Every structure is written in structure tokens, then in C-alpha cells.
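Following: one structure in C-alpha cells, then a few remarks.
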4 protein chains.
Amino acid sequence: MARQRDERKRKQILETSKTLFSHSGFYNTSISQIVKAVDMPVGTIYTYFRSKEDIIKTIVEEGWQELYSQLEEISRSGRADREKLKVLIENIIPSLLQDLDFINILLTEAVVFTRIEEKIEKITDLVFSIIKNISSQSNLSRKYMKTALIVIFLGILSSASLVKTNTTEITIEDIITFVKEITESSLGIKL
Amino acid sequence: MARQRDERKRKQILETSKTLFSHSGFYNTSISQIVKAVDMPVGTIYTYFRSKEDIIKTIVEEGWQELYSQLEEISRSGRADREKLKVLIENIIPSLLQDLDFINILLTEAVVFTRIEEKIEKITDLVFSIIKNISSQSNLSRKYMKTALIVIFLGILSSASLVKTNTTEITIEDIITFVKEITESSLGIKL
Amino acid sequence: MARQRDERKRKQILETSKTLFSHSGFYNTSISQIVKAVDMPVGTIYTYFRSKEDIIKTIVEEGWQELYSQLEEISRSGRADREKLKVLIENIIPSLLQDLDFINILLTEAVVFTRIEEKIEKITDLVFSIIKNISSQSNLSRKYMKTALIVIFLGILSSASLVKTNTTEITIEDIITFVKEITESSLGIKL
Amino acid sequence: MARQRDERKRKQILETSKTLFSHSGFYNTSISQIVKAVDMPVGTIYTYFRSKEDIIKTIVEEGWQELYSQLEEISRSGRADREKLKVLIENIIPSLLQDLDFINILLTEAVVFTRIEEKIEKITDLVFSIIKNISSQSNLSRKYMKTALIVIFLGILSSASLVKTNTTEITIEDIITFVKEITESSLGIKL
DNA sequence: AATGAATGAGGCTTCATTCAT
DNA sequence: CATGAATGAAGCCTCATTCAT
């Protein structure tokens, strides 16, 4: 019936499910496992969410919303583009890369349930609007820049997701450093 | 003599499953769907594969093997590093990006079934060994280059997978162009 | 409150399965047959038992428990040993031989699923502790008596199981008479 | 098609299956396991036996035949009854108890496939015909003696089968000793 | 309202036996 | 004849969701 009674419980279900989905995958995580983990009766879950699918969709949607609203806020702020870019790279992205469970779900499970292409498109457009006037080198075509943005954005997410496994020698910090440097060298600026 | 193992059947199961897995996801594709698609009796599937999981593992493993052996061949060839890089970007990567179903499975479903981190690590090391002596700018640290390789490699794959949906304005060609240019500008060379 | 666990259903599944297992054997009795016989949906079976194997294990375990607790009660009672023996032969064994389905399962199917050796050992020890001080003839060695107990106990069960088929001319009563007489003559007493 | 080509192979299939059936049970032993154990192609098995069931039936039938023919031979021999009994207890039974796999199958798996009741009946009758005139105590009724025979015969088999697990302190020798003594004391003779 | 037993379609896999080669 | 790939009915069990209590 999806009434939002206790917001604390709702968040707990969401957080716990996120961890479980990220670790074992959506289909390998049963409602009964979630129920056990949050220590609530099955019925209660269905008081907050219409279905299991609704849970993962909500995780993705709310996680995405949070990221997007941060971006929008910066974008709409009166700051200089270069300043916006700095915040994006030094604050927003690092904060995003903190939530590896979310990224993991976004990249793997969410594909089936949400139209991430649209989300990526939307976010890329926003960043593009910040970037496009900064470049000192006007020889970069729009197409090239958009491609660069998408490849690098998705690359960052995937790499971060990979880092989680601790198999690679690189770290989240390395990734952020890379983003900063590639941005600076591509745009010919210094942040 | 009894009937011989039919390699054609095996390949057909693999190809058909790849498509289905890529489109609907591993868990949303039932054995009975595969069976219907390949028009074989259920039992036959199980004479070629031990389990449903074995099918997806084989898809990933063999697909990866193909990619990796191409890379190794180039790597081992006596050509100049710059020449190798050219082949990588102009032949191997484009050919890899042709098989979007494979990439899609690799990025989403395979995570649960195979240790892709190791694969990425291995492939990145191989490319790194080609790249490391090319750069005219020795100021690029090893860490930076490895990070760059991982981010961009994964970025390419994810973007290509996204392109499949036809929602974005960019194309596979744009991605390849981007790779070429970023490589050239990063290493300060012209391929 | 949701529905309460229905002990009646549990017992019904157990009883019905016992009959079916005894008649056709464990592997020749399918879950769907049980389901049909108890007229419940499949799922219900699995809310009461973890698996088909769990059902037969429970049948054996609970049946055994019942027998064993009767024995223990007598054993612990303050009565004279000869009195205990009388109860054993005139009440407990006849009551045990009443449940031929249970005996049949115990002797045939249960071997694979439970450690009956341990059960037999345990029960024999208990009976031995009652018997050992009764005998007027101390020339019976401990080893001999234990062997006698095991052979005769298992013999009774197997014979009873055989009687079920109505092929033999002997009956359950004959078996009980035999037990009584052999006991009396072996121990040199009159019950 | 069950042609008996190579008797050696046939025996090998029978022996191997007997071991496997005894250890894991009939239904937990697949034809493919037998095939692996005897290192023959599946088809070959079906050259010697019509079906899996045919294998177990043959094991029981031939094993039983062997036992029965020994008994018949003794029975038909011109020896004195007491002499016959001696051979039965000192030779035939010990030899029977040697083949625990056979006994195990007889008691558990065979129940479903063969009419062991008839076999037990038949064998008991034969032994009874030897015994009936020996007894110095004519107070033993026919019913009593038949019951005793059945209970003790089945008890011996079951106990022997139990001994296989090495959990009990008694041994095959103890069982044989017991049989001898109980026979002697029941019939009031000395073998 | 809160609970968790009940539901049953549908999933994956096995395996004795056949029969094309 | 010898072989072992092919077959497909049937087995066991899961699990998201509902709804009686």
C-alpha cells in the first residue's frame, strides 16, 4: 500500500537492500533476506514498497536525484564556469564515488529496470553546458567533448566499482586525480 | 560409433544465449526460452553445458579469450610499439566494440559470475607494456597511466553498451575517434 | 496477527508421507503425490518442511523419539527390573509393532538418511541395563547378551515388516509370543 | 538386448553395481556412475541388462539362488539332520554373512523390486524341515519354531548389515556364535 | 494496522533409455 | 556390433506477493 509511515524504517530498508543488491545482485537477494537483515516482518516491507522492483527503482531514482540536484545547484549558482567545474571535480564526484554500492547497482542491476541512458545523457548535457565555454582551445568539437564526457564519466563509475574489489592497485583517489588532470590538460586550464 | 559432438550446436547455444542475456538479463532469460530460441530439446543444452551459469561463464570466458589473444599476438609481434598501438586502436578495439551483446554481458551480468577485475587488470597491464615506452613526456607517472588506461577502457565499453540503446547522439565511431585523439594527445604522438 | 502455524497440517503431511513412503518407497513417492494426497498446495509442504528429505528424517526422528521416551520412562521408573521387562514386552513392543509403516521406513529408507546404528545401539544399551541383573544364569556373557538383544530386536522389526505383506503364516501376535518365551527361557524367569 | 556376450563383463557390472547400490542406494546410483565405475560405454550396459531395475533384480536373484542352492544341496544330502544343521550354521551362514553388500541390498533396496517375503518363507521352510525332528523337546509348536526361524534369520541379516558401519561393538563372529548357542539351547542339543 | 503462513506458477536440472552413426 | 549424444518427461524447490487473522 506504500504508505510512508516511519521514514526511518523506509530508509533502513533502502540502505540494507542497496548493500545486499550490490553484494549479491538483485536476483540473488530474496525479499526474505532483506526482511531478515532489517529485522522486520515481510508485510511491513510491502507497506513501504509496492514490490521488490520498486525497491531497486527507488534506490536508483533517489540516489540519482541526489547527485543530479547537487549538479543543478552548482549549475544554477552564479559562480564562474571554472569555479563550478572545480566544485564538480573536487566535491561532487568524490562524494559520488563514496557510495560504491549505489554505483555498482547503477551499472549492473539498474540497466534492466531504469533508463540509465537518459540519466547519463541528462547529466552529461549539464556538465557540457558548464564546460563548453571554458576551453581555451576551440578546436574541440561538440561531438568530441560529449563523447569525452560520456566515456570518462562512465569510466570513472566503472573503475570505482572495480576498486571495491581491492584487486587493482589503483584507488578512488587515483581516479579523482586522473579526472582532474585530464580535465585540466584537455581544457588547457589549471583548477 | 555414436553421434559426434556437434560444435555447431554448441556455438548456436552460445550465440543465442548471448543475445538473450544481453537483451533481458541472465535471470530474466529462462532455459526454456533459450531452448525455444535454438529449437533444441532441453536435454541437449545440458549435453553441451553443465548449467545455465556455465553458459554465461563460457560466453564471457571465450569472448574474453578472443580479445586477449588478439592483444597478445600484437604484443608479441616484432612491430614497433607505436605500430602496435595503432593496430590496437584501429583494429582490435573497433572489432571489440562490434560485439555489443558481449560487452553488455561483460559489464552487467558477468560481475556476479566471473572475476572481471582480474581480466581488466591483465589486459591493462598488457596495454601498459606497449604504451609505457612511447610517451615523449616522461612526466606521466606509472600510476597515472594505469588509472587512465582502466578508466578509459571501461569508459569505452560502458559507452558502447549505452550506444546500443540509440538514445545518445554519439556513435561507436565517435568513441573510437575519441580514443585515438586522447591517446595521441596524451602521449604526444601522431598515429 | 497472521495465520498461525497449523500443527494439524504438519502432522497430516507426516502421516500421509509415512504411508506413501512405506508403500512405494521414498524415491518412488513424489512431492506432487504427497501434495495430492494431503490436498494442499506444494508451497505449504515447504512451509512445514525444508525438503522432501526433511520429511522422512522427521518421520524417523519423531517416531524413534516416541519409542525411546517410552523406554526411558520405564527405565527410570522405580519398578523392579522384572516388572520393567514385562511392560517392555507386553506393552511397548506390541505398541511399536502396531506402526508397521514406521518400521518399514526405519528398516529400508531410513538407512540412507539417518544413523540408525546409533539408535539401535542406544536402545539396546537401555534394554541391556534392565536385563543384565535379572538373569538367574550368570553364565551369559555381556557380549552374548548384547548380540542377542540386537539380533532379536532387529529380527522382530524385520519380521513385523514382513507380516505386513500377509504372505507369511505368522502374525504380529506370534512374534510377540516368541519374544516373551525366548526372554523367559533365556533369563530363566517367568513374566 | 541382453545378449550375454562376455560373462566377465556381465559379472563386473553386477559386482560393481552391488557395491554402489549398497553404499549409496539404488536411486542414488545413476547408470552413468555405474558406467564410469566399470569403465564401459553406456550402450554396453544395455547389452547385458534390459534396464537398471533388471540389474538390481539380477543381483538379488542370483545372490539368492546361490544361497538357496547351497541349502538345498545340504537338505538333499543323505546326512543326519543334526549334521545338516551344523553345516548350515558353521558354513553356509558365515559365508552368507560375508557378503554384506548383498545383504544390505536385500534388506533395503530389494523390498521394492522383489518379493523377499516369498524367499524368506521358502528358505525358512527348508530349514524348518531340517530342524523339526531334531528337537528333543517336543513342546515347541510348529508356529513357534517358524516364528523363531524367521525372527532370527532376519535378525542375523539385519545385524550383519549393521555391523558394516562399525558403530556397534559386536562383530559378525559374535552373531554366528549367538546363532549357534541359541540353536543349541533351543533344541537342547550340542553341535 | 500488523503480521507471516499460504500460495502455485515456473525455474533448473536429472537421468534412464534409445538409436543414429 | 558398439557407442555415447540425444531426448523430454518429470522431479524438487523457490519466492514474490497476498490476505486471513
Side-chain angles (χ1 to χ4, degrees), chain A residues 1-3 5-6 9 26-36 39-56, chain B residues 1-7 9-10 26-35 40-55, chain C residues 1-7 9-10 26-35 40-55, chain D residues 1-3 5-6 9 26-36 39-56:
Chain A
M1 296 295 144
R3 285 145 303 129
R5 190 50 63 113
D6 186 341
K9 277 189 185 171
F26 180 76
Y27 289 100
N28 287 315
T29 304
S30 63
I31 286 285
S32 84
Q33 279 173 57
I34 296 175
V35 153
K36 223 166 282 167
D39 193 30
M40 295 176 195
V42 216
T44 302
I45 300 283
Y46 286 86
T47 298
Y48 291 91
F49 299 95
R50 231 179 349 271
S51 65
K52 189 184 171 191
E53 199 173 316
D54 189 30
I55 298 179
I56 200 167
Chain B
M1 282 296 161
R3 262 159 290 186
Q4 288 305 301
R5 214 156 178 289
D6 190 341
E7 189 58 25
K9 280 188 187 169
R10 207 189 84 101
F26 179 76
Y27 290 100
N28 287 314
T29 306
S30 67
I31 285 287
S32 77
Q33 277 172 57
I34 296 175
V35 153
M40 297 177 194
V42 218
T44 300
I45 301 284
Y46 286 88
T47 58
Y48 290 93
F49 300 95
R50 246 187 324 282
S51 64
K52 190 184 170 193
E53 196 172 318
D54 189 30
I55 298 179
Chain C
M1 281 297 160
R3 262 159 290 187
Q4 288 305 300
R5 213 155 177 290
D6 189 342
E7 190 57 26
K9 279 188 187 170
R10 207 190 84 102
F26 180 75
Y27 290 101
N28 287 314
T29 306
S30 67
I31 285 287
S32 76
Q33 277 173 56
I34 296 176
V35 153
M40 298 176 192
V42 219
T44 300
I45 302 284
Y46 287 88
T47 59
Y48 290 92
F49 299 95
R50 246 187 324 282
S51 63
K52 189 183 169 191
E53 197 173 315
D54 189 32
I55 298 178
Chain D
M1 297 292 144
R3 284 146 302 131
R5 189 51 63 113
D6 185 343
K9 277 190 186 172
F26 180 75
Y27 289 100
N28 287 316
T29 305
S30 63
I31 287 285
S32 84
Q33 277 173 59
I34 296 175
V35 153
K36 224 167 279 167
D39 193 29
M40 297 177 195
V42 215
T44 301
I45 300 284
Y46 285 86
T47 296
Y48 292 91
F49 299 95
R50 231 177 353 270
S51 66
K52 189 184 170 189
E53 198 173 316
D54 188 30
I55 297 178
I56 200 167

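In what follows, every chain begins at residue 1, and chains take the letters A, B, ... in the order their sequences are listed. These numbers were taken from a predicted model, which means no experiment stands behind them.
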Would you kindly give the [atom1]-to-[atom2] distance between [X] and [N], to the nearest whole Å?
X       : N      : atom1 : atom2 : answer
B:Ile45 : E:dC15 : CD1   : P     : 18 Å
D:Asp54 : E:dT17 : CG    : P     : 9 Å
B:Arg10 : F:dA6  : CZ    : P     : 13 Å

Is there a side-chain contact between [X] and the phosphate of [N], meaning an N or O under 4.0 Å from OP1 or OP2?
X       : N     : result
B:Thr47 : F:dA6 : yes
B:Lys9  : F:dA5 : no
C:Tyr48 : E:dA6 : yes
C:Thr44 : E:dT7 : yes

Answer yes or no for A:Lys52 and A:Phe26: cation-pi contact, defined as NZ/CZ to six-membered ring centre under 6.0 Å and angle to ring axis within 45°.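 The answer is yes, since A:Lys52 meets both limits relative to A:Phe26.
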Using a heavy-atom cut-off of under 4.0 Å over every strand shown, decide if B:Ile31 touches base, sugar-phosphate, or nothing.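 Base contact - B:Ile31 has a heavy atom under 4.0 Å of at least one base atom.
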Of all the nucleotides listed ([options]), which has the minimum atom distance to the side chain of [X]?
X       : options                : result
B:Arg3  : E:dT17, F:dA6, E:dC15  : F:dA6
C:Tyr46 : F:dC13, E:dG11, E:dA20 : F:dC13
D:Val42 : F:dG8, E:dT7, F:dG4    : F:dG4
A:Lys52 : E:dC15, E:dT7, F:dT17  : F:dT17

Suppose we define a pair by two distances each less than 3.5 Å, Watson-Crick or G-U wobble; what does E:dA20 pair with here?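 The base-pairing partner of E:dA20, which may sit in any strand shown, is F:dT3.
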Hunt down the Watson-Crick or G-U wobble partner of F:dC12, both distances under 3.5 Å, from any strand shown, or write none.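 Partner of F:dC12: E:dG11.
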Take C:Met40 and B:Arg50, find for each the nucleotide of DNA chain E with the closest heavy atom, and name the residue whose nucleotide sits nearer the 5' end.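 It is C:Met40 whose nearest nucleotide is closer to the 5' end.
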Check: C:Tyr48 side chain, C:Asp6 main-chain N or O, donor-acceptor pair, under 3.5 Å: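 Yes.
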Would you kindly compare B:Asp6 and A:Ser32 by the position of their nearest DNA chain F nucleotide and give the one closer to the 5′ end?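 Looking at the nearest nucleotide for each, B:Asp6 comes out on the 5' side.
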Starting at the 5' end of DNA chain F, which residue's closest nucleotide do you reach first, A:Tyr27 or C:Ala2?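 Whichever sits nearer the 5' end wins; that is A:Tyr27.
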Which heavy atom of D:Gln33 sits nearest a heavy atom of D:Asn28, and at what distance?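 For D:Gln33 versus D:Asn28, the nearest heavy atoms are NE2-O, 3.5 Å.
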Determine whether B:Ile55 and B:Ile45 satisfy the following criterion, side-chain contact (heavy atoms from CB on, under 4.5 Å), listing intermediate values before the conclusion. CA-CA 9 Å; B:Ile55 298 179; B:Ile45 301 284; 4.0 Å; yes
Would you compute the distance between atom CG of A:Asp39 and atom CD1 of A:Ile34 and round it to the nearest 0.5 angstrom?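 Answer for the CG-CD1 pair, A:Asp39 versus A:Ile34, is 14.0 Å.
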